[in-house]
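Presented below is the structure to which this report refers.
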Amino acid sequence: QVPLVEPGGGSVQAGGSLRLSCVASEYTFSHYCMGWFRQVPGKEREGVAGFDRKGPLYANFVKGRFTVSKDSAKNTLYLQMDNLRPEDTAMYYCATEGPPFCAADIATMGHAREFRNWGRGTQVTVSS
């Protein structure tokens with residue numbers, strides 16, 4: 001089991017940027033849904049962005065602001081988060097080895113049982 005890594009969290013002002021990383025094998029990239037999910041206290045975890053063999057998917061609330069990219073040489077998937085808003089403040093998790101394809105609405109994913117591997121999470125805080 002390849003350890004998941006989610007560095008890149010931190011505190012920024014609104015409009016700022018952060019980048020999260022998630023390490024996985026090439027087999028995982030090409031056979032399973034993987035993605036980033038976020039959770040704030042008192043709310044359910046929700047999908048932010050995903051990646052499967054068809055490419056990246058985004059929740060409506062991050063489209064145009066967040067971008068998924070892949071570095072095959074490093075077996076790493078990145079989530080570039082630009083134009084961050086205070087409402088993006090949450091704990092962000094990477095998860096791998098989900099179903100063969102991500103749900104069309106990635107925001108509906110995030111249940112623990114949907115993915116075999118979950119990272120420990122990284123806090124993202126956006127101040128106004």
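Computed from a predicted structure; not experimentally measured. Computed over heavy atoms, backbone and side chain alike; hydrogens, waters and symmetry mates excluded.
Proximity of a side-chain donor or acceptor of Trp36 to a complementary backbone N or O of Gly50 within less than 3.5 Å is not detected. A donor-acceptor pair under 3.5 Å is formed between the side chain of Tyr58 and the backbone N or O of Val68.
Annotation: side chain to side chain donor-acceptor pair (under 3.5 Å) contacts of Thr108 (sequence neighbours excluded): none. Qualifying salt bridge (Lys or Arg N to Asp or Glu O under 4.0 Å) partners for Arg65, counting only residues two or more places apart in sequence or in other chains: Asp88. Every residue two or more places apart in sequence or in another chain was checked for a side chain to side chain donor-acceptor pair (under 3.5 Å) with Thr89, and none qualifies. Considering only residues two or more places apart in sequence or on other chains, Glu44 meets the salt bridge (Lys or Arg N to Asp or Glu O under 4.0 Å) condition with none of them. The side chain to side chain donor-acceptor pair (under 3.5 Å) search around Gln13 returns none, not counting sequence neighbours. The salt bridge (Lys or Arg N to Asp or Glu O under 4.0 Å) check on Glu114 picks up nothing, with sequence neighbours excluded.
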Listed pairs under 3.5 Å, donor-acceptor, residues 78-87 side chains, sequence neighbours left out:
| from | atom 1 | to | atom 2 | distance (Å) |
| --- | --- | --- | --- | --- |
| Gln80 | NE2 | Asp82 | OD1 | 2.9 |
| Asp82 | OD1 | Ser17 | OG | 2.7 |

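Sorted pairs that involve residues 48-61 and meet salt bridge (Lys or Arg N to Asp or Glu O under 4.0 Å), not counting sequence neighbours, are lacking altogether. Applying the salt bridge (Lys or Arg N to Asp or Glu O under 4.0 Å) test to pairs two or more places apart or on separate chains, those with a residue in residues 15-26 are Glu26-Lys70.
Grouping the Ile, Leu, Val, Met, Phe, Trp and Tyr side chains by contacts below 4.5 angstrom, directly or via other members, places Phe115 apart from Phe101.
Here Tyr32 sits in one hydrophobic cluster together with Tyr27; the rule is ILVMFWY side chains under 4.5 Å apart, joined directly or through other members.
Below 30°, between 30° and 60°, or above 60°: for Phe29 and Phe51 the angle between ring planes is above 60°, a perpendicular geometry.
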